[in-house]
Participant: 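Next up is a structure, given as structure tokens.
Order of the sequence lines fixes the chain letters, A, B, ..., with proteins taken first and strands second; residue numbering starts at 1 for each chain.
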Protein chains: 2
Amino acid sequence: MLIEVDFNSEEALYVQLRNQIILGIATSDIQEGDALPSVRQLADTIGINMHTVNKAYTVLKREGYIQLDRRKGAVIALDLDKLQALEDMENHLRILLAAGSCKGITRDEVHALVDEIYSEYEHL
Amino acid sequence: MLIEVDFNSEEALYVQLRNQIILGIATSDIQEGDALPSVRQLADTIGINMHTVNKAYTVLKREGYIQLDRRKGAVIALDLDKLQALEDMENHLRILLAAGSCKGITRDEVHALVDEIYSEYEHL
DNA sequence: TTTTATGTTATACTCACCATATAACAGAAA
DNA sequence: TTTCTGTTATATGGTGAGTATAACATAAAA
């Protein structure tokens, strides 16, 4: 799996890593049981510090996306706390949709966007 | 319009202000042409520094939600750059939906959430 | 005119977070 | 034993958040 980082982005590096790995899981680019590169290896590949990768992995572990195994490394292991996920999504959507609504984005247009994006996550 | 702030939140105070004002516009709590409190007045009301409110207003101005008038103060004035808004929403949704998809949230459940939230923005 | 309130700008300070650097440890694989 | 792993600790430079104080030009109200 290819992981890239934008050093000019306002977003923290470890957040970019976290997001890209979540995207990789959603698009089935990496799957349950697959191992991610070691913190030192990934850090060396993209040219950043080991601790930055470690922080991304720690966040992903806390959020229930991976488990850290001393033998296998960081392994994709999804913790399906769906209620929590729904609550998180609702909180984020409430702000995001409010901003869109102010800008004239209709409910139907949001539905179309959701369909378009979700179709990227279902081409099994 | 009631504006509250959570000092224990991880989110920056000026971001909380920005979000609440956008929510206020979306729910028609405040409307085009309405004036927001002055930076000093709002800062005094919620017990924070003037510059923090000023930063929120500056962001809202840059994002096209208000215009700052020396006579009327901060006035709601929507700049409908819909293309930019759609692009922003798509970028945010791509991450948000990926996380949800990993957690087992279906496309239909997202649609239901969108409908539920949008209905709060349309009870004119 | 004087007073008051406005947005705006400048500077400086504390605090927290980000990213880095170096180092060390215990456990497991080669 | 050697090597690699995750993990932890400590320190440093940089950046942004929030506050504090101050000053300015403008415009409304007295």
Participant: Check the phosphate of C:dT20 against A:Thr52, side-chain N and O only, distance under 4.0 Å to OP1 or OP2. Yes or no?
Facilitator: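 Looking at the OP1 and OP2 atoms of C:dT20, one of them is under 4.0 Å from a side-chain N or O of A:Thr52.
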
Participant: Would you mind classifying the nucleic acid contact of A:Tyr14 as base, sugar-phosphate or nothing, using non-hydrogen atoms under 4.0 angstrom?
Facilitator: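 Contact class for A:Tyr14: sugar-phosphate only.
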
Participant: Round to a whole Å and report the spacing from CG of A:Asn54 to P of C:dT22.
Facilitator: 18 Å

Participant: Nearest-Å distance, CG (B:Asp44) to C1' (D:dG18)?
Facilitator: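 The distance from CG of B:Asp44 to C1' of D:dG18 comes to 16 Å, rounded to the nearest Å.
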
Participant: Has A:Lys55 got a side-chain N or O lying under 4.0 Å from the OP1 or OP2 atom of C:dC18?
Facilitator: yes

Participant: Closest to the B:Ile48 side chain: D:dG18, C:dT6, D:dT19?
Facilitator: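 When the side chain of B:Ile48 is considered, D:dT19 is the closest of D:dG18, C:dT6, D:dT19.
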
Participant: Rounded off to whole Å, could you give me the CG-to-P distance for the B:Leu17 and D:dA17 pair?
Facilitator: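 About 13 Å, once rounded to whole Å.
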
Participant: Nearest-nucleotide wise, let me know which of A:Met50 and A:Val15 is further upstream toward the 5' end of DNA chain C.
Facilitator: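 With A:Val15 and A:Met50 compared, the 5'-side residue is A:Val15.
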
Participant: Got A:Leu68 and A:Val75 here, is their nearest side-chain heavy-atom distance under 4.5 Å?
Facilitator: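 A side-chain contact is absent here, since even the closest heavy-atom pair is not under 4.5 Å.
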
Participant: Less than 4.0 angstrom between a side-chain N/O of B:Asn49 and OP1 or OP2 of D:dG18, yes or no?
Facilitator: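 Answer is no, no contact under 4.0 Å.
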
Participant: Whole-Å distance between C:dC15 C1' and B:Glu10 CD?
Facilitator: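 Atom-to-atom, B:Glu10 to C:dC15, this comes out as 16 Å.
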
Participant: Is the side chain of B:Gln67 donor-acceptor paired with the backbone N or O of B:Ile76 at a distance under 3.5 Å, no angle test?
Facilitator: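 No: the side chain of B:Gln67 does not pair with the backbone of B:Ile76.
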
Participant: Counting just side-chain N and O atoms, does A:Ser38 come under 4.0 Å of either OP1 or OP2 of D:dC4?
Facilitator: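 So the side-chain polar atoms of A:Ser38 never come under 4.0 Å of the phosphate oxygens OP1 or OP2 of D:dC4.
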
Participant: Regarding C:dT22, can its base be found pairing with the side chain of A:Arg40 as donor and acceptor, where the two atoms are less than 3.5 Å apart?
Facilitator: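 Absent.
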
Participant: Could you tell me how far apart B:Leu42 (CG) and C:dG7 (P) are, to the nearest whole angstrom?
Facilitator: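 In whole Å, C:dG7 P lies 10 Å from B:Leu42 CG.
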
Participant: Please determine whether a side-chain nitrogen of the Lys or Arg among B:Arg18 and B:Glu11 lies less than 4.0 Å from a carboxylate oxygen of the Asp or Glu.
Facilitator: no

Participant: Measure distances between side-chain N and O atoms of A:His51 and base N and O atoms of D:dA9, and say whether any donor-acceptor pair falls under 3.5 Å.
Facilitator: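 Counting by modelled atom types and ignoring angles, a donor-acceptor contact under 3.5 Å is found here.
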
Participant: Nearest to the side chain of A:Lys61 - D:dT7, D:dG18, C:dT8?
Facilitator: D:dT7

Participant: Using modelled atom types and a 3.5 Å cut-off, is there a donor and acceptor pairing between side-chain atoms of A:Thr58 and backbone atoms of A:Asn54?
Facilitator: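 Checking the backbone N and O of A:Asn54 against the side chain of A:Thr58, a donor-acceptor pair under 3.5 Å is found.
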
Participant: Please give, in whole Å, the distance from D:dA17 P to B:Leu13 CG?
Facilitator: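 Whole-Å distance recorded here is 11 Å.
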
Participant: Let me know the distance between CD1 of B:Ile46 and P of D:dT19, rounded to the nearest Å.
Facilitator: 9 Å

Participant: How many Å lie between CZ on A:Phe7 and P on D:dG14, as a whole number?
Facilitator: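 It works out to 17 Å between those atoms.
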
Participant: Taking all heavy atoms of B:Ile30 and all of B:Ile21, pick out the closest pair and write down the distance.
Facilitator: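 That closest heavy-atom pairing would be CD1-O, 3.9 Å.
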
